[in-house]
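Throughout, a chain's letter reflects where its sequence line sits, starting with A, and its residues are numbered from 1.
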Number of protein chains: 2
Amino acid sequence: MQSFTEENYLKVIYHLSQINPNAVQTNAIAEKMATRAASVTDMIKKLAEKKLVDYIKYQGVTLTPAGETAAIRIVRKHRLWEVFLVEKLKFKWDEVHDIAEELEHINSFALIERLDDFLGFPKRDPHGDPIPNKEGIFEPSENMHLHQLGKGYTGIIIGVTEHSSPFLKHLEKLGLTIGVTLTVQEITDFDGSVELLVNSKTVNISKEVAQHILVKK
Amino acid sequence: MQSFTEENYLKVIYHLSQINPNAVQTNAIAEKMATRAASVTDMIKKLAEKKLVDYIKYQGVTLTPAGETAAIRIVRKHRLWEVFLVEKLKFKWDEVHDIAEELEHINSFALIERLDDFLGFPKRDPHGDPIPNKEGIFEPSENMHLHQLGKGYTGIIIGVTEHSSPFLKHLEKLGLTIGVTLTVQEITDFDGSVELLVNSKTVNISKEVAQHILVKK
DNA sequence: TTATTTTTTTAGATAAATCTAAAAATAATT
DNA sequence: AATTATTTTTAGATTTATCTAAAAAAATAA
Ligand SMILES: [Mn+2]
Ligand SMILES: [Mn+2]
Ligand SMILES: [Mn+2]
Ligand SMILES: [Mn+2]
């Protein structure tokens, strides 16, 4: 078993290696964990000792298969708890992250399997992120960022790649929530902002916002 | 805020001072926490520093009002989570304690209030223990141990004062679960064992078992 | 290729929670 | 009241996860 701290490191390394498939840098981990590079080096050595990461000095880390399994288990728990909080306890999608950040460390196999059952085996969390099954397998899906959808195309919002409360509240105000259908009317050359048609109304969003919305055609 | 460890100490001190209203002894805490007396002394000093306990060297500890409030908050969380695990996730009453022991430390006021709402504001946990309300108030109730009920009297099981899995499984096998009506037919002089009538069948239990069942007339 | 900047690691400290062994205080027995 | 037994505390270590400051390596720029 891992400590909470070790689990948080594993999850951060996992997420960073999703974004960039190369070895994960010490500094990148330090920033995500809001800690110091020296602390990261200490912890990496410990995780390497436990065979959860492969580590070469000055060359960053990658998860071993055991490390990835552990990381995915935590991601699974985090996302299932988020579904519980939104679906059952009626939290808003911008309120659940911090609580799930604690709940993900509760250590009981039976608990998470029963929770999954209770929730009806959901495939995505409230932010559209996929939930791996018991074996750690993600359902394949073809998403793209709204920014890349192209003028004239219609898509359905299936997720977001930014989870901060201000961003999520902003989307909600604009009516851009999961499952909503939209059409790209215009992409401005000047600043990359995007004009959308949503429920027969025109909505303008910045390039930055568009880059954090996932859609499928 | 308190650490998990501090919270566990506060809860143990609270429970011990319920059983015996005098100051709680260092050794009693050490036994319950499965730790050493020296460690308890260290932690007591820290809790006294934080004004959560009153402490006189060699004279044991008592909770301050702030300490009691903190302890009751943890008890509330523990018991509400147990209700969730049994009522919603279909765990057995002997399986929930260890999981609740972790969940009780999740730190979110909104979470516990919404959970309480979701569960329909239960008044007792799966073992019959009372759940304090948001303000820390317990509903008054007049229980007695089955052992003290007296020959010929009829009562309803409302709780247990022993939470180990073997004990709870034993009760279940005997049909002695919460809400069941029973009549005392005989109390044996020799060993204090009790003969009960439960659902028109005779059930014999030892004195030790009878001492851990709470009933009301 | 040399110099500069950035990244990463080491060395050494600190704080929290624990432990063992020994000393001190209190309680119980002669 | 003196002795013995029990309980509790102190002293000093250990383990885990941090940190700062300085050294070392790697990457970038001149
Ligand atoms: Mn976490
Ligand atoms: Mn999420
Ligand atoms: Mn606990
Ligand atoms: Mn209980």
Aromatic contact, A/F4 with B/F4 (centres under 6.0 Å):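 Yes - the distance between ring centres of A/F4 and B/F4 falls below the 6.0 Å cut-off.
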is_close_aromatic(A/H78, A/H97), centroid dist under 6.0 Å: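 For A/H78 and A/H97, the ring centres are under 6.0 Å apart.
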Over 12 foreign heavy atoms within 6.0 Å of CD, A/E49: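 It does not: A/E49 CD has 12 such atoms or fewer within range.
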[N], OP1 or OP2 - any side-chain N/O from [X] closer than 4.0 Å?
{"X": "A/K45", "N": "C/dT10", "answer": "yes"}
{"X": "A/K57", "N": "C/dT10", "answer": "yes"}
{"X": "A/Q25", "N": "C/dT7", "answer": "no"}
{"X": "B/R36", "N": "C/dT18", "answer": "no"}
{"X": "A/T35", "N": "D/dC19", "answer": "yes"}
{"X": "A/Y58", "N": "C/dT10", "answer": "no"}
{"X": "A/T26", "N": "C/dT9", "answer": "yes"}
{"X": "A/S3", "N": "D/dT16", "answer": "no"}
{"X": "B/T41", "N": "D/dT9", "answer": "yes"}
{"X": "A/N27", "N": "C/dT8", "answer": "yes"}

Sugar-phosphate, base or nothing in reach of A/T5, heavy atoms under 4.0 Å: sugar-phosphate
Sugar-phosphate, base or nothing in reach of B/F4, heavy atoms under 4.0 Å: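 It contacts nothing in the nucleic acid.
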Cation-pi geometry met for B/K45 and B/Y55 (6.0 Å, 45°):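 Because its charged atom misses either the 6.0 Å distance or the 45° angle limit, B/K45 does not stack over B/Y55.
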Cation-pi, A/F118 ring and B/K90 (6.0 angstrom, 45 degrees): no
Please report the distance, rounded to the nearest Å, between [atom1] in [X] and [atom2] in [N].
{"X": "B/Q59", "N": "C/dA27", "atom1": "CD", "atom2": "P", "result": "6 Å"}
{"X": "B/I56", "N": "C/dA25", "atom1": "CD1", "atom2": "P", "result": "16 Å"}
{"X": "B/L47", "N": "C/dT18", "atom1": "CG", "atom2": "P", "result": "11 Å"}
{"X": "B/M43", "N": "C/dC19", "atom1": "CE", "atom2": "P", "result": "11 Å"}
{"X": "B/D42", "N": "C/dT20", "atom1": "CG", "atom2": "C1'", "result": "12 Å"}

5' precedence on DNA chain C between B/E6 and A/I44 (nearest-nucleotide basis): A/I44
Complement of D/dA30, any strand, by Watson-Crick or G-U distances under 3.5 angstrom: C/dT1
